[in-house]
Amino acid sequence: MWFTPRPFRVVLVFILMALLPSVAMAGLIENVSRDFKPVTGVVVMPVDGQYIIDLDAISGVAIGDLFCVVKPGENIVHPVTGAVLGKLDEVKAVLQVVRVKSGYSY
C-alpha cells in the first residue's frame with residue numbers, strides 16, 4: 001500500500017494548484033491572440049442599411065465579430081530621418097457581423 005506523510009500531500013496539492021492556473025492561462029493567451037489577430041477585408045456594398053464585407057467563415061469570421069471601417073490617412077513622417085512611421089487612419093464605423101455566407105458576410 002502506498003502511503004505519503006500528510007504534510008507531503010498538502011504540499012503536493014498546493015504545488016498542483018499553483019501549476020494549474022499557468023496551464024489554463026497559456027491556453028487563454030493563445031485563444032485571445034488568435035481571436036484578436038487583425039483581419040483585412042473590404043466593404044463591398046451597402047444593402048438595406050447593412051453592409052457586405054468580403055470575408056466569410058473561411059477567413060475566421062463569426063456572427064458577433066466586430067470590424068472597424070478605416071479610412072487611410074496621411075503618413076506620419078519622422079522629422080529627422082524622414083522615415084514613414086505609420087498612418088493617421090480614421091475610423092469611419094464599427095460593424096458587427098450578423099450573418100455569414102459563403103464568400104461574404106453581413
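Keep in mind it's a predicted model, so treat the numbers as computed, not measured.
A chain of hydrophobic side-chain contacts below 4.5 Å, direct or via other Ile, Leu, Val, Met, Phe, Trp or Tyr residues, connects Ile63 to Val39. Note: the hydrophobic cluster containing Val91 does not contain Phe67 (ILVMFWY, side chain heavy atoms under 4.5 Å, direct or indirect links). Transitive grouping of hydrophobic side chains (ILVMFWY, heavy atoms separated by less than 4.5 Å) keeps Ile52 and Val61 in distinct clusters.
Partners of Val69 according to the side chain to side chain contact (heavy atoms under 4.5 Å, CB included) rule, which considers only residues two or more places apart in sequence or in another chain, are Val43, Lys92, Ala93, Leu95. Qualifying side-chain hydrogen bond (donor to acceptor under 3.5 Å, both in side chains) partners for Asp54, counting only residues two or more places apart in sequence or in other chains: none. With sequence neighbours excluded, the residues forming a side chain to side chain contact (heavy atoms under 4.5 Å, CB included) with Thr81 are His78, Ala83, listed by chain and number.
Annotation: side chain to side chain donor-acceptor pair (under 3.5 Å) contacts involving residues 66-77, sequence neighbours excluded, comprise Asn75-Lys87.
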Side-chain donor-acceptor pairs of residues 99-106 under 3.5 Å, sequence neighbours excluded:
{"from": "Ser105", "atom 1": "OG", "to": "Leu55", "atom 2": "O", "distance (Å)": "2.6"}

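The other residues sharing a hydrophobic cluster with Leu85 are Ile76, Leu88, where clustering joins ILVMFWY side chains under 4.5 Å apart.
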